[in-house]
Amino acid sequence: MVELFAGLKLMNKAGELVDPEAALSNKIVGLYFSAEWCPPCRGFTPVLSDFYTELVQESNPPAPFEIVFISSDQSNESMMGYFQKKHGDWLVLPWDPETKKKFSQRYNISGIPTLVIVKGNGDVITKDGRADVQSKGPACFKIWQKA
């Protein structure tokens, strides 16, 4: 994850900047490409939020998992409104179209919502995280861990 987010910061729900290495170290990470203006995104985001809550906040111990929201919104205001009101208690890549474009190109994102599940080194476990979450629920995490 270090090279993937080199020179970048992430933000939590409180609006505080977070060091990616500290936040993502030794975790499986879901890169969530989404936007407020996208109806399928607005439908999947609450499902993902429930999944995250069950896996991370209600499990003891919490699963070594984190989500980073990478926005396709047209402005920082749109992104932050969507993030604050609809998303789980995960992280967001601060709004920057160029940085978002680099992530989209790296992972060949052609549509949203897309949930790419990656290992600590940035290698892809699956680009079908959305389908896994919807069909298998939290059980898919064990599958991701074995990949």
For the residue pair [X] and [Y], what are the closest heavy atoms and their distance?
X: W95; Y: S71; result: CD1-OG, 4.2 Å
X: K127; Y: N108; result: NZ-O, 2.9 Å
X: L17; Y: K9; result: CD2-CB, 4.1 Å
X: F141; Y: P64; result: CZ-O, 3.6 Å
X: I112; Y: C38; result: O-SG, 3.7 Å
X: Q84; Y: K13; result: NE2-O, 2.8 Å

| field | Contact check, side chains of L4 and F103, non-hydrogen atoms, under 4.5 Å | value | yes
Would you check if the side chain of [X] reaches a backbone N or O of [Y] as a donor-acceptor pair within less than 3.5 Å?
X: T114; Y: G111; answer: yes
X: E54; Y: S59; answer: no
X: D128; Y: A131; answer: no
X: K100; Y: L93; answer: no
X: K86; Y: G81; answer: no
X: K136; Y: I143; answer: no

Do [X] and [Y] sit in one hydrophobic cluster, given that two such residues count as connected whenever their side-chain heavy atoms are within less than 4.5 Å of each other, even indirectly?
X: W144; Y: V118; answer: no
X: F44; Y: Y107; answer: no
X: M80; Y: V68; answer: no
X: I28; Y: L10; answer: no
X: I117; Y: V124; answer: no

| task | Decide if atom NZ of K101 counts as having more than 12 heavy atoms of other residues, nucleotides or ligands within a radius under 6.0 Å. | result | no
| message | Applying salt bridge (charged side-chain N to carboxylate O under 4.0 Å, His left out) to K119 and D123, what does each step give before you reach the verdict? | response | CA-CA 5 Å; K119 297 178 183 180; D123 288 351; 5.6 Å; no
Value rounded to 0.5 Å, distance of [atom1] in [X] from [atom2] in [Y]:
X: L24; Y: D19; atom1: CG; atom2: CG; answer: 8.5 Å
X: E66; Y: N26; atom1: CD; atom2: CG; answer: 13.0 Å
X: N12; Y: D89; atom1: CG; atom2: CG; answer: 7.5 Å
X: K102; Y: R106; atom1: NZ; atom2: CZ; answer: 12.5 Å
X: L115; Y: R130; atom1: CG; atom2: CZ; answer: 10.0 Å

| said: For a side chain to side chain contact (heavy atoms under 4.5 Å, CB included) check, start with the C-alpha distance between H87 and V92, then their side-chain angles and the critical distance, and finish with the verdict. | reply: CA-CA 10 Å; H87 285 246; V92 62; over 6 Å; no
| field | Intermediate values then yes/no, side chain to side chain contact (heavy atoms under 4.5 Å, CB included), M11 and V18 | value | CA-CA 6 Å; M11 189 182 312; V18 176; over 6 Å; no
| Hey, what's the ring geometry for W90 with Y52, parallel, tilted or perpendicular (30° and 60° as the breaks)? | perpendicular
| message | Is there a side chain to side chain contact (heavy atoms under 4.5 Å, CB included) between V47 and F51? Walk through the geometry before answering. | response | CA-CA 6 Å; V47 173; F51 171 85; 5.6 Å; no
| field | Residues I109, V116; criterion side chain to side chain contact (heavy atoms under 4.5 Å, CB included); working and verdict | value | CA-CA 9 Å; I109 304 303; V116 179; 3.7 Å; yes
| Sequence neighbours excluded, every pair satisfying side-chain hydrogen bond (donor to acceptor under 3.5 Å, both in side chains) that has a member inside residues 28-41 | Y32-S34, Y32-T45, S34-Y82
